[in-house]
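In what follows, residues are counted from 1 in the order of the sequence shown.
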Amino acid sequence: MAVARQKQQQWLKACFSAWKQTDVAYSKLAHSRNLSLNMIWAFECLSEHPAGVEPAVLADEAKLLRQSMTVVLNDLEEQGLVIREFHPTDRRKKIIRLTDSGRQVCTEVLNTIAQCELEALSELSEEDQHLLFKLTVRFCRGLVDKLSFASSCNDNK
């Protein structure tokens, strides 16, 4: 039992190292275009809302804290990549839209990422791709459940 657990810990350590390397690679790509990784996540969500989206919705979809999204939007606005407009029915709210140059940068970055991901994926057989997705989704769901439970237990202390 102890040997099996030790082996699992080694696998998890190797997986965590691979995830970190992936994050570093995404971050390097972002930084090469004067962006942050959080800006990439914002672009991904903004690309799904061509008519614009409220900052709170954007933060929720990008899985970022609202305060973090505010910083991201400030930076994107400073670079001229997004604009904040008044909401059409509630002037207390804002709508975030990509500018023309923002759409161009967004499309270029997301297309580059998609191409790299597809090329990396093509190195696996179709069977391996299916297995990768199936196991990754199952593992991530289980991990999210366990971490959420651990967080809620810690919150109750």
Checklist entry - Within a radius of less than 6.0 Å around CD of Glu117, do more than 12 heavy atoms belonging to other residues, nucleotides or ligands occur? => result yes
Checklist entry - Is Asp100 salt-bridged to Arg103, going by a charged N under 4.0 Å from an acidic O? => result yes
Checklist entry - Is the side chain of Thr99 donor-acceptor paired with the backbone N or O of Gly80 at a distance under 3.5 Å, no angle test? => result yes
Item to check | Rounded distance (nearest 0.5 Å) linking atom NE2 of His49 with atom CG of Leu98 | outcome: 11.0 Å
Please tabulate, for the side chains in residues 69-78, all donor-acceptor contacts under 3.5 angstrom to protein atoms that are two or more places apart in sequence or on a different chain.
| residue | atom | partner | partner atom | Å |
| --- | --- | --- | --- | --- |
| Thr70 | OG1 | Arg66 | O | 3.1 |
| Asn74 | OD1 | Arg84 | NH1 | 3.1 |
| Asn74 | OD1 | Arg84 | NH2 | 2.9 |
| Asn74 | ND2 | Thr70 | O | 3.4 |
| Glu77 | OE1 | Arg84 | NH1 | 2.6 |

Checklist entry - Yes or no on side chain to side chain contact (heavy atoms under 4.5 Å, CB included) for Phe149 and Val144, after CA distance, side-chain angles and deciding distance? => result CA-CA 8 Å; Phe149 179 76; Val144 166; over 6 Å; no
Checklist outcome for this item: Output for pair (Leu46 CG, Glu61 CD), nearest 0.5 Å, gives 9.0 Å
Item to check | Euclidean distance, Phe43 CZ relative to Leu58 CG, rounded to 0.5 Å | outcome: 11.0 Å
Item to check | Between SG on residue Cys15 and CG on residue Leu12, distance to nearest 0.5 Å | outcome: 6.5 Å
Next on the checklist: Under the rule for side-chain contact (heavy atoms from CB on, under 4.5 Å), what residues qualify as partners of Glu119, not counting sequence neighbours?
Outcome noted: Gln115
Next on the checklist: Side-chain heavy atoms nearer than 4.5 Å, only ILVMFWY residues, links allowed to pass through others: does that put Phe16 and Leu143 together?
Outcome noted: yes
Checklist entry - With sequence neighbours excluded, what pairs up with Arg141 under the salt bridge (charged side-chain N to carboxylate O under 4.0 Å, His left out) test? => result none
Checklist entry - Quick check: are there more than 12 heavy atoms from other residues, nucleotides or ligands sitting under 6.0 Å from NE2 of His130? => result no
Next on the checklist: Apply side chain to side chain contact (heavy atoms under 4.5 Å, CB included) to residues Ile113 and Ile40 and explain how you reach the verdict.
Outcome noted: CA-CA 10 Å; Ile113 290 171; Ile40 300 291; 3.7 Å; yes
Next on the checklist: Can you tell me how far apart NE2 (His87) and CG (Asp90) are? Round to the nearest 0.5 Å.
Outcome noted: 6.5 Å
Checklist entry - After noting the C-alpha distance and the side-chain angles of Gln79 and Leu35, does the key distance pass the side chain to side chain contact (heavy atoms under 4.5 Å, CB included) rule? => result CA-CA 10 Å; Gln79 291 184 33; Leu35 303 168; 4.0 Å; yes
Next on the checklist: Tell me if a side-chain donor or acceptor on Gln129 pairs with a main-chain N or O of Leu124 at a distance below 3.5 Å.
Outcome noted: yes
Next on the checklist: If hydrophobic residues (ILVMFWY) are linked whenever their side-chain heavy atoms come closer than 4.5 Å, directly or via other members, who joins Ile83 in its cluster?
Outcome noted: none
Checklist entry - Should Ile95 and Val57 be counted in the same cluster of Ile, Leu, Val, Met, Phe, Trp and Tyr side chains packed under 4.5 Å apart? => result no
Checklist entry - So do the side chains of Trp19 and Val24 get within less than 4.5 Å of each other, counting heavy atoms only? => result no
Item to check | From CD (Glu123) to CG (Leu118), nearest 0.5 Å | outcome: 12.0 Å
Next on the checklist: Determine whether a donor-acceptor pair (N or O, by modelled atom type, separation under 3.5 Å) exists between the side chain of Thr22 and the backbone of Ala18.
Outcome noted: yes
Checklist entry - Has the side chain of Ser17 got a donor or acceptor atom that lies under 3.5 Å from a matching backbone atom of Ala14? => result no
Checklist entry - Do the non-hydrogen side-chain atoms of Asp23 and Lys20 ever get within less than 4.5 Å of each other? => result no
Item to check | Counterpart residues, side-chain contact (heavy atoms from CB on, under 4.5 Å), relative to Glu108 (two or more places apart) | outcome: Arg33, Thr112
Next on the checklist: I'd like to check the salt bridge (charged side-chain N to carboxylate O under 4.0 Å, His left out) partners of Asp145; sequence neighbours left out, ordered by chain and number.
Outcome noted: none
Checklist entry - Tell me, do Glu127 and Leu131 make a side-chain contact under 4.5 Å, heavy atoms counted? => result no
Checklist entry - Under the side chain to side chain contact (heavy atoms under 4.5 Å, CB included) criterion, do Glu54 and Lys94 qualify, and how do the steps go? => result CA-CA 6 Å; Glu54 293 177 34; Lys94 298 282 186 183; over 6 Å; no
Next on the checklist: Using only atom types and a distance under 3.5 Å, with no angle test, would you say the side chain of Ser47 pairs donor to acceptor with the backbone of Glu44?
Outcome noted: yes
